[in-house]
Amino acid sequence: MTKNDLINAIYSLKIDLKYLKQELEFRMDGNDVDNTLEKYKDDEYKYAAYSGAFQSMVSMDNKTFERAISSIEKIEKDLENCK
């Protein structure tokens, strides 16, 4: 591997990590449980709304975590190939 190849691989990994971090931060900010409880507290069907909102949060989180794990595995593989 040439020096230029190594520089390009490191730069690519930095970009991957940057977007992975942004996506995880977005999900963390979106999971505001207190806001969800407050939003539906006076609704006649509040328990159904709570259930649906929390189910949606969990589903989105699971997809985010799957993508994060996939990205991390790609980064590990790329790092392994840099040897």
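Being a predicted model, the structure only gives us computed values, none of them experimental. Positions are given from 1, in the same order as the sequence printed here.
Residues forming a side-chain hydrogen bond (donor to acceptor under 3.5 Å, both in side chains) with N8 (at least two apart in sequence, or on another chain): none. Listed by chain and residue number, M1, I10, C82 satisfy the side-chain contact (heavy atoms from CB on, under 4.5 Å) test with L6 (two or more places apart in sequence, or in another chain). K21 meets the side-chain contact (heavy atoms from CB on, under 4.5 Å) test with E25; sequence neighbours excluded.
Under the 4.5 angstrom side-chain criterion for Ile, Leu, Val, Met, Phe, Trp and Tyr, the cluster partners of I15 are Y11, Y19. Taking Ile, Leu, Val, Met, Phe, Trp and Tyr as members and joining any whose side-chain heavy atoms lie under 4.5 Å apart, directly or through other members, I7 forms no hydrophobic cluster with any other residue.
Counting only residues at least two apart or on different chains, the salt bridge (charged side-chain N to carboxylate O under 4.0 Å, His left out) pairs with a member in residues 6-16 are D16-K74.
From L17, atom CG reaches atom CD1 of I75 across 3.5 Å, with rounding to the nearest 0.5 Å.
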